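Worksheet: the structure to be examined is printed underneath.
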2 protein chains.
Amino acid sequence: MVQVVEKTRVRARPLRQARDERVVAKDLPLGRILEGDCIEAMRSLPSASVDMVFADPPYNLQLGGDLNRPDGSHVDAVTNDWDKFDSFATYDKFTREWLAEARRVLKPNGSLWVIGSYHNIFRVGAILQDLGFWILNDIVWRKANPMPNFKGTRFTNAHETLIWAGMGEKAKYTFNYRTMKTLNDELQMRSDWVLPICSGQERLKRDGAKAHPTQKPEALLYRVMLATTNKGDVVLDPFFGTGTTGAVAKRLGREWIGCERESVYREVALERIEMALPLDESALTTMQSPKAAPKVAFGTLVETGWIAPGALLTDKKRKMKATVHADGSLRTPAGETGSIHGLGAKLQGAPSCNGWSFWHLEHEGEIKPIDAVRQLYLLATEP
Amino acid sequence: MVQVVEKTRVRARPLRQARDERVVAKDLPLGRILEGDCIEAMRSLPSASVDMVFADPPYNLQLGGDLNRPDGSHVDAVTNDWDKFDSFATYDKFTREWLAEARRVLKPNGSLWVIGSYHNIFRVGAILQDLGFWILNDIVWRKANPMPNFKGTRFTNAHETLIWAGMGEKAKYTFNYRTMKTLNDELQMRSDWVLPICSGQERLKRDGAKAHPTQKPEALLYRVMLATTNKGDVVLDPFFGTGTTGAVAKRLGREWIGCERESVYREVALERIEMALPLDESALTTMQSPKAAPKVAFGTLVETGWIAPGALLTDKKRKMKATVHADGSLRTPAGETGSIHGLGAKLQGAPSCNGWSFWHLEHEGEIKPIDAVRQLYLLATEP
DNA sequence: AGCTAGGCTGAATCCTTGC
DNA sequence: AGCAAGGATTCAGCCTAGC
């Protein structure tokens, strides 16, 4: 049974600390972007003064040469100086310093979010554990529309990782369980979030070009803030960029502080936040990502044993035959090979073919389309 | 049209090393589970002798005992941090040691897989980078049916993370791109894999209870091995448990070596692997045929009369033109010459060009890429 | 107005072989 | 070792132009 009670933790705190906070809040540079290096900038903030830190630090991508798409066009990569570090040791030192400052300015019941990719996230995660942060979840941002791997050399890098951490094992933190469940159609919000990358209207431009190479989608920050802060909380972003954190904070009624070295980014961010409108309740629903229809590849059924490699598939009239191979491809007795769709099309001389309905399996005398197996698989694996 | 041609990298290696490998392979304890501590066990293996390591190490041996002891007094932050450091340090030392041994026994073009959760994966990832491994992808195993978070205190922990790494920045590695694309219905395989957890028939029992607390699904190993090893490759699993790695290796025609301390797990694993059935040769062929794609030079098509010298080639929009010369080179009306690839790139001002898809031939009013001719040639000349 | 075709782009550690 | 040349390689979403 669903219990409609907000489960946000109430942070118990000694009286004296609460009084300090009131004094401190007046001194905080709310709604402002601090200039210069973020470590220096954070040093100007009082200790235990912010409720949440969201950080999108440089990833230290270490890209090689140029990369072109198969059509010859050039990939506009992240080549900015701010992403260049001499070595892992240099990157680690930088990471330790900004994380230590973030820890100092966080309240005892505050929490930290960091986003990164495999290039940097393991180092960041280990260091924040070393500093005493207590990881609460790692969240996977599954990109609905990632850039493909153009050369066919690896798996498509289709996600980024966020770490959410509290101040320590025993520290309290804010988690708006009920809000998340509502946002997720009455299912618990999982640790994998499917969201599109930032593009289209949302992507900020400057002189026709993208204003920042790695602008994050507002939907991502929206979910982060809705889940782990309360209205009126102070959110600090040490790598403010073009101000996604500030814009979403304003929309959701949170206070924000940014740090940003590059004056161009600061200008773009301030303009953008100026235009951001606090969100009315009804717009909340439109922010939800549409529930993705579950896709199942034929190969998954083979991998998971629902269809055995070596199994014989036929068309409905059992005239055409093919056997299933370990990679999910099919092969006819004549040696023609292809995917369930491609081979089906080839055999019929058709431009295309829905392999799921074309190919059949015989089971106890009955012949059934392989889509029936997919349906069974879905039934068995859906929560 | 779907062409199921394997693109497995052929690893070029000096002759002497190849000879050494043959000697070494005979000495390897293939199909056996080494007893005792995995670090010690791995020390008994020769260097540069295995093609892939799959490791499912224990999660951080927690912190639990010390931090949870009810000593009544207030645990201050310093002691807290010290305990953590001590504990993490122990785990890190263990991790560094087994990873170093794994690195030693791996061939120069081998690769490493490690699976973990947020408790340990960040430490493992940072350490393997420090040891010189080069991360190729981080893979998210998105569980189709995870355990819910009963207390409603965090996001449902619905995934685990795998790291796939090569031996170094410049090292080669095996990636069966074509196989993965086939397995995923003709779309590039992404870094997020949706697979059910291990349950039902597949879950091994011992006296009614589950035989191992963290048994991994065979589908996960199936994809890992299909993607990054070739038939006959040697796979080492230092944390063998109940032998999922061995069972899948046997099914897919790979050799395996395991290390496992607990005799009960070893017993269960051996029984299980004994019962596993290898896929028959024909089911494995399509995915394992490095030589399946005989290379055809454009010049061959000209020599053999499939494309006549003097023929007019154009781009898809018929804006650029070139004529075919007897040696397979092209020449534009303006006198520019080059190969199908080189000239295509030059005319577009592109850094590179696939001449097979860029250049087209007109035949009975239809315009077709010259690759279509190559396909016809292949069909006609295939044994 | 609506619809389609084509173009553009996104945190990317993105080729292989032979001389 | 470095260089030159052969040749294999992309997915989803949004925008604009054109009908």
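Here is the naming used below: chain letters follow the sequence lines, and residue numbers restart at 1 for every chain. Note that the structure is a prediction, hence the values are computed from the model and not measured. For the numbers below, each heavy atom of this structure counts, side chains included, while hydrogens, waters and symmetry mates do not.
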Sub-6.0 Å ring centroid separation between A:Phe94 and A:Phe85: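 Here the rings of A:Phe85 and A:Phe94 have centres that are less than 6.0 Å from each other.
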Aromatic ring proximity B:Trp164/B:Phe175, centre distance under 6.0 Å: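 Ring-ring flag for B:Trp164/B:Phe175: true, centres closer than 6.0 Å.
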Flag side-chain contact, heavy atom, 4.5 Å: B:Leu343 against B:Arg331: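 When only atoms from C-beta onward are counted, B:Arg331 and B:Leu343 do not touch, as no gap falls below 4.5 Å.
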Expressed as a whole number of angstroms, how long is the span from [X]:[atom1] to [N]:[atom2]?
| X | N | atom1 | atom2 | value |
| --- | --- | --- | --- | --- |
| B:Asn354 | D:dG6 | CG | P | 13 Å |
| A:Asn68 | D:dG7 | CG | C1' | 14 Å |
| B:Glu186 | D:dT9 | CD | P | 11 Å |
| B:Phe175 | D:dA8 | CZ | C1' | 15 Å |
| B:Met189 | D:dC11 | CE | P | 12 Å |
| B:Lys170 | D:dA1 | NZ | P | 11 Å |
| B:Leu187 | D:dT9 | CG | C1' | 15 Å |

B:Arg190 or B:Trp356, whichever maps to the more 5' nucleotide of DNA chain D: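 Its nearest nucleotide lies further toward 5', so the answer is B:Trp356.
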Using the [atom1] atom as the reference point in each nucleotide, state the distance between [N] and [M] in Å, no decimals.
| N | M | atom1 | value |
| --- | --- | --- | --- |
| C:dC15 | D:dT10 | P | 14 Å |
| D:dG7 | C:dC14 | C1' | 15 Å |
| D:dA8 | C:dG10 | C1' | 22 Å |
| C:dA1 | D:dA17 | P | 16 Å |

Aromatic ring pairing B:Trp193/B:Trp113, orientation class (parallel under 30°, perpendicular over 60°, tilted between):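 Rings of B:Trp193 and B:Trp113: tilted, as their planes differ by 30° to 60°.
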Taking atom types as modelled, is there a side-chain donor on [X] or [Y] under 3.5 Å from an acceptor on the other?
| X | Y | answer |
| --- | --- | --- |
| B:Tyr173 | B:Asn109 | no |
| A:Ser73 | A:Arg69 | yes |
| B:His341 | B:Ser339 | no |
| A:Thr244 | A:Arg272 | yes |
| A:Ser87 | A:Thr90 | yes |
| A:His159 | A:Asp192 | no |

Dot-bracket notation for DNA chain C, counting Watson-Crick and G-U pairs under 3.5 Å, with | for partners on another strand: .|||||||||....|||||
Where protein sits on nucleotides 5-14 of chain C, one letter per nucleotide: B base, S sugar-phosphate only, - none, heavy atoms under 4.0 Å: --S-BBBBBB
Sugar-phosphate only, base, or nothing, as touched by B:Ser339 at under 4.0 Å among non-hydrogen atoms: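 Answer is sugar-phosphate: B:Ser339 comes under 4.0 Å of backbone atoms only.
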Syn/anti state for D:dT16 [syn: chi within 90° of 0]: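 Here the answer is anti: the torsion falls beyond 90° from 0.
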A:Arg142 vs D:dA12: side-chain N/O to OP1/OP2 distance below 4.0 Å: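 For D:dA12, neither OP1 nor OP2 has a side-chain N or O of A:Arg142 closer than 4.0 Å.
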